[in-house]
Q: 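Below is one structure. I have some questions about it.
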Amino acid sequence: MINRTKLLADLKLQVLDLEADLRQRFATNIDYKTRLTSDWQAARDAGRTSEDVSIWAEGQFTQSAVAWVLACVFVRFCEDNQLLDTPLLVGTDSRGQSAVARQESFYLQNPTASDNDYLRDVFGVATRLPGLSDVMRVQRTLLQAPVSADLGKQLVRFFRATNADTGVLMHDFADPDWNTRFLGDLYQDLSKAARERYALLQTPEFIESFILDRTLTSALDIYALEDVDLIDPTCGSGHFLLGAFERLAPRWLRQMPGNVNVAIQETLNRISGVDLNPYAVVIARFRLLIAAMRECRIHRLADAPAFTFHLACGDSLMHGYRASMSGVTGNLLEPQSTADHYTRVEDREKLIAYLRHGQYHAVVANPPYITVKDAQQNANIRSRYSSCHMKYALSVPFMERIFELAIEGTQANQQRSGFTGQITSNSFMKREFGKKLIETHIRRWDMT
C-alpha cells in the first residue's frame, strides 16, 4: 500500500536535487540556457511577464524536476498494480528481475547510454501505450530538460530502493482500489516553490461534494443528460473533475448499457479542466485515466481504448473567448496582444475551445486567493477584468470569469441558466478592493 506521508517526504528531496541539477545545467549547458532564455524573452516581449530571467528560469527548473519525478511515479503505479504486461522501471517480486534485465539489454544496444537515457526510453514506451499516451504527451516538453547522468542514476536507485532487512521495496504503489488521491498530496506539497507560486491547495472532499451537489446535480435535474457539461478553470489535481466523473458515469452507463467504453468516453467528453500549472494537468489526466479504466473494468493499459481527455494547460484568465460588459460576445484577444502568446506547455487550440463565454451548465473551482506578484501579469489581468480594483486578490477576476463561463439565462427564461460554485475568500466583502466586484458584477448575478 502507498505510504502517503513517507512518499511525499522522500520525493520532495528528489525534486530539490533535480532542481539543483537543472540549475547547474542552465549555467553550463549552452543549448538548455539558450532555449529557456529564448522562451523567457518571448514571454517578456509579449508582455506575459516582468520577471528577471533568473527568477523565471527557477519556475522552469521546478516544473521539469516534478515532471521527471511524476513520470516515474506513474510508471511505478502502473507496474505495481499490474497495468503493464512487463515492468519497465522496477517491478515487484520476481518481476523486478525482468525490469533489471530490460535495462541491461538497453545498455547492450546503447553502450554509451546513461540511466537518464534509460528513463527516457521507459517514458517513451509508456507514451506509446493507449491509456498513457495522452498523459505522457503533456510531459514531453518538460522531460526534454537535460537532467544529468548522475541524477538519472539517483532516480533509478530511489525507485528501486529496498529495505536492507526485508528486501521489500521502500515504496509500494499497489492499491486494490486504484485510489489516486495520494497524487493530490504530491500536487500540493511536492515543491514549496510551486506551492507558493501557484497557491496550490487541494479541495477537501466534503466541500467538493457540497459544491457539486448544488451545481452539477442541479443542472442534471433541469437539463437532459446529453446536454450537461462541466468545467473547472482552476482544476488543480482534478478533485472536482473526479467528483463529476463519479456522478456522470453511472448515468451514462444506464443510458448505454451495451457499450461501456463508449459510455465512459461520453462521460469524459462532458468534463473539462484548465490549470496554469502543467503538472497539475498531468496529474488530473492520469487520475481520470485510472478512473475510466476502473469503470470499464480494464486491467491492462494495452487493452485500454485511446480515451480523450478535455484538459488543457494554460491561463484561464488570459485565454479564450469572453463577452464584453455590453454583452456582445467576441474574441477579446486582439492580434499581437499579450494573450496571443502561448508558452511551450500551453494548449492554444484547447484553451480557445474550452474557455468560450457562456457554454457550460456547471462551472466549479477552487481558485487561488493570492495577489499576483509579477507586475506585468497583474496589469494584464486588471486590463481584462473590470472587477479588479486597487490591490485585488485573484478571487475577484476568477469570480467574474467563473460566472461568464456558465450559460446565461434570458430575461424570458432565467431557469435555463448554468450553475456556478466556488470556494472563495471573503476578503472581497471586507476590503476596499471588492467594491467594484460587488457594485458592478454581483448585483447582475443570481447568487442562488
Side-chain angles (χ1 to χ4, degrees), residues 203 207-235 239-241 243-248 251-252 255 266-274 310 312 316-317 319-332 351-367 384-388 394-426 428-429 434 436-448:
T203 305
I207 296 179
E208 167 210 305
S209 296
F210 180 89
I211 289 177
L212 287 173
D213 285 347
R214 288 155 179 79
T215 53
L216 181 58
T217 300
S218 294
L220 288 166
D221 289 341
I222 294 176
Y223 297 98
L225 177 62
E226 295 83 354
D227 295 332
V228 175
D229 52 10
L230 171 145
I231 189 171
D232 181 348
T234 61
C235 69
H239 292 333
F240 276 126
L241 306 183
F245 180 87
E246 291 168 0
R247 283 166 168 73
L248 289 173
R251 294 170 183 258
W252 275 103
Q255 185 134 321
E266 290 290 350
T267 301
L268 294 171
N269 287 344
R270 284 153 180 82
I271 301 170
S272 300
V274 176
H310 297 268
S316 56
L317 289 177
H319 297 303
Y321 287 82
R322 299 187 57 221
S324 68
M325 287 294 291
S326 64
V328 178
T329 302
N331 186 4
L332 200 73
L351 291 170
I352 291 173
Y354 300 166
L355 295 173
R356 290 181 180 274
H357 176 87
Q359 67 172 325
Y360 291 97
H361 298 81
V363 186
V364 295
N366 181 8
R384 282 163 172 73
Y385 295 88
S386 58
S387 57
C388 294
L394 278 177
S395 53
V396 168
F398 266 113
M399 187 178 293
E400 186 178 345
R401 187 63 160 146
I402 287 164
F403 268 86
E404 69 185 17
L405 285 170
I407 293 171
E408 293 185 10
T410 63
Q411 289 287 348
N413 190 358
Q414 287 290 335
Q415 294 301 312
R416 303 298 286 180
S417 301
F419 293 84
T420 71
Q422 67 186 98
I423 309 171
T424 192
S425 165
N426 67 357
F428 75 90
M429 295 189 287
K436 280 191 176 181
L437 177 67
I438 294 169
E439 295 183 352
T440 307
H441 294 273
I442 290 180
R443 66 191 298 269
R444 297 188 294 113
W445 297 329
D446 178 357
M447 300 300 287
T448 62

Q: Give the minimum heavy-atom separation between V363 and P233, together with the two atoms involved.
A: CG1-CD, 4.1 Å
Q: Give, for atom OH of Y385 and atom NE2 of H441, the distance between the pair rounded to the nearest 0.5 Å.
A: 11.0 Å
Q: Heavy-atom distance under 4.5 Å between the side chains of V364 and L216, does that happen here?
A: no
Q: If you measure from CG on N269 to CD on E226, what distance do you get to the nearest 0.5 Å?
A: 12.5 Å
Q: Considering non-hydrogen atoms only, spot the tightest contact between V228 and A219 and give its length.
A: CG2-O, 3.9 Å
Q: List the atom of H310, the atom of Y354, and the distance in Å for their closest heavy-atom pair.
A: CA-OH, 3.2 Å
Q: Run L220 and L225 through side chain to side chain contact (heavy atoms under 4.5 Å, CB included) and show every step you take.
A: CA-CA 6 Å; L220 288 166; L225 177 62; 3.9 Å; yes
Q: Which heavy atom of I402 sits nearest a heavy atom of P367, and at what distance?
A: CD1-CG, 4.4 Å
Q: To the nearest 0.5 Å, tell me how far H239 NE2 sits from D232 CG.
A: 11.0 Å
Q: Could you report the tightest heavy-atom contact between A244 and L212, atom names first, then the distance?
A: N-CD1, 3.7 Å
Q: Side chains of R251 and T267: does their closest heavy-atom pair fall under 4.5 Å?
A: no
Q: Test side chain to side chain contact (heavy atoms under 4.5 Å, CB included) on R384 and L317 and set out the steps.
A: CA-CA 8 Å; R384 282 163 172 73; L317 289 177; over 6 Å; no
Q: Measure the acute angle between the ring planes of H361 and Y223, then classify it against the limits of 30° and 60° as parallel, tilted or perpendicular.
A: perpendicular
Q: Please find the pair of heavy atoms, one from A365 and one from F240, that lie closest to each other, and give the distance.
A: C-CE1, 3.8 Å
Q: I need the F428 CZ to I442 CD1 distance, nearest 0.5 Å.
A: 4.5 Å
Q: Pick one: which of I423, N366, T420 meets side-chain contact (heavy atoms from CB on, under 4.5 Å) with I211?
A: I423
Q: Show your working on side chain to side chain contact (heavy atoms under 4.5 Å, CB included) between Q422 and S395 and close with a plain yes or no.
A: CA-CA 10 Å; Q422 67 186 98; S395 53; 5.7 Å; no
Q: Stepwise, does the side chain to side chain contact (heavy atoms under 4.5 Å, CB included) test hold for L355 with R401?
A: CA-CA 9 Å; L355 295 173; R401 187 63 160 146; 3.5 Å; yes
Q: How long is the gap from CD on E408 to CH2 on W445, to the nearest 0.5 Å?
A: 10.0 Å
Q: Taking atom CZ of F398 and atom CG of L405, what is their separation to the nearest 0.5 Å?
A: 10.0 Å
Q: Under a 4.0 Å N-O cut-off, is there an ion pair linking R443 with E439?
A: no
